[in-house]
Each structure stands twice: as structure tokens, then as C-alpha cells.
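Notes follow once the structure below has been shown.
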Amino acid sequence: MAYLTFADVFKCLYNGADHKINPCNKDVKCSQSEFFNALFFAYTDGNDQAFDNSYVGKFSRNERALPAELFKFYAGDTGVLSDDIEEYILPWLIDYYNTAEELYKLISSDEYFSDDIRADICSSFPFEKKSDVLAFITKAVYSTMSRPKEPETLPVPKRADHFITEYDLDTAYALPPICRYFCGRSDEIKEIRNLFDKHNRIFITGLAGIGKSEVAKAYARCYRDRYKHILFFTYKGSLRDMIMQIPLDDNEDKNPFGTRNKLLCRLDSDTLIIIDCFNVKESDISASAEYEVIKKYKCDMLFTSRSRFDNECTYEIGEMSHEILHGLAGRVFPEAEDYSAIVDEIIELVHRHTYAVEITASLMKVGLLEPEEILEKLRLNSIDPEITDKVKTVKDDKTQEQTYYSHIHFLFSLFELNDDMKYILSCSAFAPNAGIKARPFAKLCGLTDMNTVHDLDGSGLLKLSESNILSIQPMVKDIVLTDLSPSIESCRDFLKNVFDVCTAHGIAVPVKSLADMLIEICRHIDNSDTDYYLLFMEEAFGYLEASKMLGHMETLSNIYCDAVNALPEKENKYLAKMYYIQSANIGLAQGNYSKAIPLAKKALDLADDIGLEFKANMHHNLGYLYYCNKRNKECRAELEKAVRIYQELGISTNDTLQTLALLHHVSSRS
């Protein structure tokens with residue numbers, strides 16, 4: 001169970017620093033003691049040797065507490081500490097936003113802080129500006145300076161949900177921000193709460209864009225005090241993939257799905273799981289073994305779906321009243337009251353569809369067309385109101401007359417999108433459904449500023465939350481994928497930057513966000529450039545493997561195999577990579593080494609069509625699978641072949657070092 005000491009806070013800050021520079025002396029590489037003395041610059045009076053390496057080393061290992069005099073010095077005025085952190089520590093950090101967010105995770109997972117103290121430390125989270133980060137780091141440092149090396153009393157461990165805090169799943173599956181324009185639905189939220197008194201699985205159903213996801217998020221926010229944990233999942237076609245993608249450090253587990261399932265089965269009714277976009281036929285889930293597993297969970301579960309489920313507890317979200325939608329239009333477009341009659345007619349023309357009203361109001365706000373012009377265009381393009389009562393959800397996730405998509409398509413066409421807007425929208429279609437941090441995403445897009453992103457947010461086509469989480473509404477995503485057809489060519493810069501992050505196994509984006517985004521790219525990109533598409537997936541798979549994202553590996557393996565099998569002519573180089581990916585997935589992700597070994601052999605048989613380095617890597621991979629299968633003699637033979645090729649090529653990389661280390665280990669046991 002996590003217990004945060006000052007040593008942990010210090011190490012988090014120090015690990016986030018660029019140790020090649022020293023803000024006090026640019027030509028001097030910093031050490032731990034220099035960093036520590038800079039942190040307490042006022043106390044040390046600028047003496048970078050006040051606390052030596054021996055002292056700092058002991059407290060960084062939590063072997064020694066800070067002197068009481070140090071805490072007393074700052075007790076009267078934390079502003080002095082804040083000033084020193086701003087002048088000497090923040091310039092040292094590579095990305096102080098990321099460092100602060102890592103520190104936030106540590107504080108959030110520490111159950112020894114009282115709720116009041118934790119709330120005070122984290123009062124400036126989420127971090128919008130530099131001053132928020134500064135206030136948070138100052139409070140984190142100050143609050144832990146006098147904390148004992150060990151907790152004086154131990155809270156009672158919560159066994160059922162220990163894995164959630166251990167793997168920080170509250171952050172990995174955090175509730176996405178609710179739409180800033182959300183309004184109404186109070187009666188619906190209360191009714192969902194009443195349904196939970198009798199059922200633990202509830203399906204919120206309704207049309208696309210009617211507000212199902214926002215109602216689910218609003219329910220979670222309204223009743224958050226009832227739950228210890230709220231986990232928000234997005235369904236992407238497979239419950240197995242969704243569960244497998246829960247990031248646990250269990251790469252040696254031979255049954256990763258079973259492990260995750262057992263942990264989820266232990267959760268009680270004080271945990272809420274939301275599964276968004278569960279758009280499947282009822283006949284499909286009734287035949288799904290994974291759904292039969294989920295039905296055994298004891299925690300509260302809330303699904304959102306466009307489909308109906310006659311054999312489940314369902315609650316259908318309908319259109320909101322005209323008055324509430326008029327108020328929604330006013331939230332988006334403050335001048336709506338000046339055009340009250342026009343707004344009223346538009347609401348009825350779009351059949352009181354929530355998102356259609358919101359995006360129409362956004363169109364008025366950006367001023368591309370006058371409200372009268374928008375109304376006239378809607379009149380000319382509107383579907384006959386007589387058929388509006390036919391727009392209902394049905395069991396096959398379709399509608400008899402998809403008027404809502406027709407309206408959104410038409411309104412989308414009224415925005416005068418320039419090339420930059422089209423590019424950002426295309427890239428945004430690959431963002432995780434739960435959203436992604438705006439700054440790292442902008443860097444991946446190669447943007448030098450956020451102006452176009454803010455323009456798209458103002459238009460309602462993108463959502464930028466107060467905590468700078470960027471997301472795209474599912475209906476807009478569908479339209480972008482259909483109308484703009486994001487391709488390898490149109491998203492070239494974005495794909496190159498993502499590719500570079502994968503190649504370097506970098507941390508430009510949190511691992512789970514990047515893993516989710518890789519799957520979305522590989523699933524939806526126009527893959528007319530076959531060579532690049534398959535190469536991208538190969539590099540993405542390598543990133544997922546190195547990051548131990550086992551569930552994502554399995555999903556990407558299936559996408560890659562489908563792509564290769566769909567080729568009219570299956571070249572050996574593609575088949576070799578397919579067998580390699582299958583063997584890595586089945587062996588490393590699923591722990592089925594016996595089944596993985598023949599696949600690795602198939603890849604090795606075709607390796608000459610790719611090159612000697614790939615052949616050496618496959619000898620290593622096959623050797624590792626033999627090692628995991630306790631076939632040491634065969635393992636050693638394969639590793640020796642890999643080493644000979646590496647020596648022939650003159651290659652010395654991390655891969656070669658791993659091969660030599662494993663060979664030495666196996667040889668010592670022979």
C-alpha cells in the first residue's frame with residue numbers, strides 16, 4: 001500500500017529534471033545534492049554544498065528524515081519555498097506539467113493522507129497554467145517535509161480494489177470531462193439511481209448524439225460519493241480486448257484474461273464501471289462468452305448503447321424539452337435570445353436532437369452564416385417532419401430513417417473548413433474516445449500553436465475541456481472518417497511523429513493513451529499505401545510489446561493478420577512479419593509458448609526475404625520462447641545463432657545485450 005514520503009517527492013522531481021543543465025550554472029551537470037540544495041535555496045543561502053551527497057543519498061533512500069530546522073524555517077512562509085521552486089527547480093524540469101502529473105498520481109494513490117490534506121495539496125489540479133503547477137509542487141514538498149519515514153498507523157487494506165490503486169487504474173480509466181454545455185437530464189439521472197437499487201447492470205439507450213454518454217458521466221459525477229472507484233471504458237468491438245487492455249504488470253501470466261476477470265469479479269457495489277459505446281445486437285451479447293463473464297460482476301455497471309436490449313434493464317434517453325434545448329442553444333450562442341423565433345424553429349427542424357441543436361448554435365456563434373441563412377438552408381434540406389416519429393433505436397443498432405446523421409452531415413458541410421482544420425480533424429479521429437491531453441496531441445500533429453484547435457472547439461466539432469483534454473464527438477468522428485477519409489498521405493506528418501515516438505519508445509504521450517491511439521489509427525486509417533501501413537503496424541506492435549500492453553498487442557495482432565490475409569498476393573516479407581507478430585502475441589501476451597514456437601519457426605524460415613538483422617532477432621525470439629518453455633538446450637542453440645549474426649553485422653544494441661545476457665544465464669544453468 002502506497003505511503004508517500006518526502007524522499008518519493010524529491011525523487012519524482014529529480015527524475016523529471018534535465019541533468020545536463022544546472023539553472024544555477026549552465027556549464028555544470030547537476031547532482032542529487034545540488035538539486036536538493038537548489039530546492040531549499042533560501043535555507044542554504046545559495047550554498048550548493050550545504051547538504052552533501054552522503055546526506056542526500058540517505059534521505060533519498062528514505063533512511064533518514066529531514067532535520068526539523070528545515071521544516072521550521074519554511075513553516076512561517078511557504079512563499080519563500082515557492083519562489084525558490086519557481087526560480088531554480090521548474091527551469092530544471094524537462095516538462096514540469098508531466099512531472100507534476102506524475103507527482104499527482106503518487107499523492108492520489110496514498111491512502112494515508114486525510115481527505116482534507118489531499119484536497120488542499122491537489123486544489124490546483126487539473127493544471128491549466130504554470131502557477132497551478134507551482135502551487136501544487138510547493139504544497140507537495142511542504143506537506144511531506146515533516147512526514148515520518150514510515151506511517152504511524154496503517155489503514156485497513158481494501159483487498160478487493162487494491163489492484164486499482166496499485167496500477168493506478170483510476171487514472172488510466174478516469175471519467176472523461178463532461179460537456180461544458182451539459183444541461184437538463186436531472187430526472188433521468190435520479191431514475192438511473194433508482195434502477196441501481198434493484199439492478200447492478202443498466203443499459204442507457206437512445207439515438208446517436210442524443211446525450212447518452214453525457215448522462216452516464218453526469219450520473220457518475222452526481223453520485224461520486226457513493227463509489228470508491230469509477231472506471232470508464234470504451235467498447236471497441238470486443239469485451240475480451242477491452243478487459244485484456246487493462247494494464248497490469250503480468251507479462252509472465254499464462255492466463256492474463258482470467259487474471260483480469262478475477263480481479264474485476266472481486267469489485268463490489270461501491271465501484272462503478274461505465275462501458276461507453278456498447279453498440280451491439282442483443283443476439284450477439286447473448287451468445288458472447290465474455291458477456292456471460294461480465295454478468296457475474298457484483299459492481300454497478302452502466303452501459304451506453306444505440307441498440308435496444310429487451311432482456312436487460314434498459315433506460316431510453318429521449319429528446320429533451322423545447323425549453324431546455326432553447327437554453328442549451330443560449331449556452332453555446334449567447335445571442336440566441338435575440339433570434340428566439342429562429343432558434344425555436346431550428347430546434348423543431350432538427351427534431352429536438354441534442355447534438356444537432358448544439359452544433360447549429362455553434363455555427364451561429366462562429367458567424368460564418370447569419371441565423372436567418374442557417375434556418376433557410378435547413379428548411380431546404382430538412383427531411384419531412386412527418387417521418388420524425390420513425391427515428392427510433394432498434395435491435396440492429398440502426399434506425400429506419402437516419403435523419404439525425406443527415407442533419408449532422410449537412411451542418412458539418414456548412415462550416416468553411418480550411419486545410420489546417422481538415423488535417424486536425426482527421427488526426428483527431430484517431431484520438432482515444434476518452435480524449436487525450438491537448439498539448440502532446442498538438443505536438444504529434446506538428447502544430448506550432450493551438451489556434452486552429454481552439455477554432456474547432458469553438459465550432460463544436462472538437463471538444464476541449466477545462467483540463468485541456470481534447471476529444472471528438474462520436475458522430476463527428478464517424479463523419480470525419482466518411483467525408484474526410486483520413487489517409488496515410490493526408491495525415492503524413494502526424495503518422496511520422498507517432499512512428500518516431502514508437503521507434504524511440506518515447507513518452508510524448510501517456511502509454512495507455514498512445515496505445516489506444518495506435519489501435520484507432522491501424523483500425524481506421526485509409527491504408528492505400530500497403531508498405532507504409534504494415535510497417536507502421538510493425539513498429540506500433542514493437543512499442544506495445546516493449547510497453548507490456550498485452551491486450552493492445554492482441555488487438556493489433558488481429559488487425560495486422562487481417563490486413564495481410566486480405567492482400568491479393570502475400571509476399572514472404574509480410575508473412576514473416578505476420579508469423580513474428582502472432583508468435584509474440586500468443587507467446588508473450590497469452591503465455592502459450594508451445595503454440596507460439598511453431599509460428600516463430602515459420603517467421604524464421606522466411607527471414608531471408610527481410611534481412612539478416614530480422615533473422616538474428618527471430619533466432620533470439622525463438623530462443624526466448626524455448627527458454628520460457630523450459631527447453632534450455634534448444635534455447636541456447638538459437639541464441640548462439642543470433643549472436644553469430646550480430647557479430648557478423650557488427651551490431652551492438654540493446655537487443656544484442658539482451659541476447660548475450662540470456663545466453664549467459666542459460667549457459668550457467670546447463
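In this chain, residues are counted from 1 in sequence order. Bear in mind the structure is a predicted one, so any value in this text is a computation, not a measurement.
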Is the side chain of E312 donor-acceptor paired with the backbone N or O of T314 at a distance under 3.5 Å, no angle test? no
Looking at R221, is its backbone amide N or carbonyl O close enough to the side chain of R224 to form a donor-acceptor pair, meaning the two atoms are under 3.5 Å apart? yes
How long is the gap from CG on L248 to CG on L169, to the nearest 0.5 Å? 6.5 Å
Are there over 12 heavy-atom neighbours, none belonging to K602, within less than 6.0 Å of that residue's NZ? no
Just checking R180: does its CZ atom have more than 12 heavy atoms from other residues, nucleotides or ligands closer to it than 6.0 angstrom? yes
Distance flag, aromatic centroids of Y173 and H229, threshold under 6.0 Å: no
Taking atom types as modelled, find out whether N200 and Y297 have a side-chain donor-acceptor pair closer than 3.5 angstrom. no
Report yes or no: does S307 contribute a side-chain atom to a donor-acceptor pair with the main-chain N or O of K281 at less than 3.5 Å? no
Note, I107 side chain near F136 side chain (heavy atom, < 4.5 Å): yes
Hey, do the aromatic rings of F125 and F127 have their centres closer than 6.0 Å? yes
If you measure from the Lys or Arg side-chain nitrogens to the Asp or Glu carboxylate oxygens, is any gap between E520 and K477 under 4.0 Å? yes
Looking at side-chain heavy atoms only, is the closest gap between L622 and I597 below 4.5 Å? yes
With no hydrogens and no angle check, is any side-chain donor or acceptor of N558 less than 3.5 Å from a backbone partner on E554? yes
Can E545 and N585 be said to form a side chain to side chain contact (heavy atoms under 4.5 Å, CB included), step by step? CA-CA 8 Å; E545 182 180 351; N585 171 51; over 6 Å; no
Taking it one step at a time, do T555 and Q245 satisfy side chain to side chain donor-acceptor pair (under 3.5 Å)? CA-CA 9 Å; T555 303; Q245 288 173 9; 3.0 Å; yes
Between Y533 and C522, is there a donor-acceptor pair closer than 3.5 Å when you use the side chain of the first and the backbone of the second? yes
Less than 4.5 Å apart, side chain to side chain, heavy atoms only: is that true for M242 and K236? no
Step by step, would you call K295 with R201 a side chain to side chain contact (heavy atoms under 4.5 Å, CB included)? CA-CA 8 Å; K295 286 169 66 174; R201 287 191 322 281; 3.7 Å; yes
Is R226 salt-bridged to D270, going by a charged N under 4.0 Å from an acidic O? no
Check whether any side-chain N or O of T503 sits under 3.5 Å from a backbone N or O of F499 as a donor-acceptor pair, and report yes or no. yes
So does S513 get a backbone contact from the side chain of D516, meaning a donor-acceptor N/O pair under 3.5 Å? no
Any salt bridge linking K228 with D170? Criterion: basic side-chain nitrogen under 4.0 Å from a carboxylate oxygen. no
Walk me through whether H552 and F541 qualify under ring pair (Phe, Tyr, Trp, His ring centres under 6.0 Å). CA-CA 8 Å; H552 292 76; F541 187 86; over 10 Å; no
Is the shortest heavy-atom distance from the side chain of M537 to the side chain of I581 under 4.5 Å? no
Taking S124 for the side chain and D132 for the main chain, is one N or O donor matched with an acceptor at less than 3.5 Å? yes
Between E538 and K577, is the closest basic N to carboxylate O distance under 4.0 Å? yes
Can you see which heavy atom on M301 is nearest to which on L272, and at what distance? N-CD1, 4.4 Å
Do the charged groups of D276 and R306 touch, with an N to O distance under 4.0 Å? no
Trace of the salt bridge (Lys or Arg N to Asp or Glu O under 4.0 Å) decision for D268 with K298: CA-CA 5 Å; D268 213 333; K298 299 186 292 293; over 6 Å; no
Looking only at heavy atoms, what is the nearest atom pair of A172 and K512, with distance? O-CD, 3.6 Å
State whether Y97 and R439 meet the cation-pi test: NZ (Lys) or CZ (Arg) under 6.0 Å from the six-membered ring centroid, and within 45° of the perpendicular axis. yes
Report yes if the side chains of F203 and Y315 come closer than 4.5 Å at any heavy-atom pair, otherwise no. no
Give a yes or no on whether the ring-centroid distance for F196 and Y219 is below 6.0 angstrom. yes
Considering only heavy atoms from C-beta outward, does the side chain of D241 approach that of I519 to under 4.5 Å? no
Would you indicate whether K443, at its atom NZ, is surrounded by more than 12 heavy atoms from other residues, nucleotides or ligands within a distance under 6.0 Å? no
Tell me which one of I243, L239, I273 satisfies side-chain contact (heavy atoms from CB on, under 4.5 Å) with F233. I273
L195 vs C313, side chain to side chain contact (heavy atoms under 4.5 Å, CB included): CA-CA, chis, key distance, verdict: CA-CA 8 Å; L195 289 173; C313 176; 4.1 Å; yes
Apply side chain to side chain contact (heavy atoms under 4.5 Å, CB included) to the pair T205 and F278, showing each step before the final yes or no. CA-CA 10 Å; T205 65; F278 192 66; over 6 Å; no
Are any side-chain N or O atoms of N279 and backbone N or O atoms of S305, one a donor and one an acceptor, separated by less than 3.5 Å? no
Checking S547 side chain against M549 main chain: does a donor-acceptor pair fall under 3.5 Å? no
V511 side chain near Y543 side chain, heavy-atom distance below 4.5 Å: yes
Do D300 and T271 have side-chain heavy atoms sitting under 4.5 Å apart? no
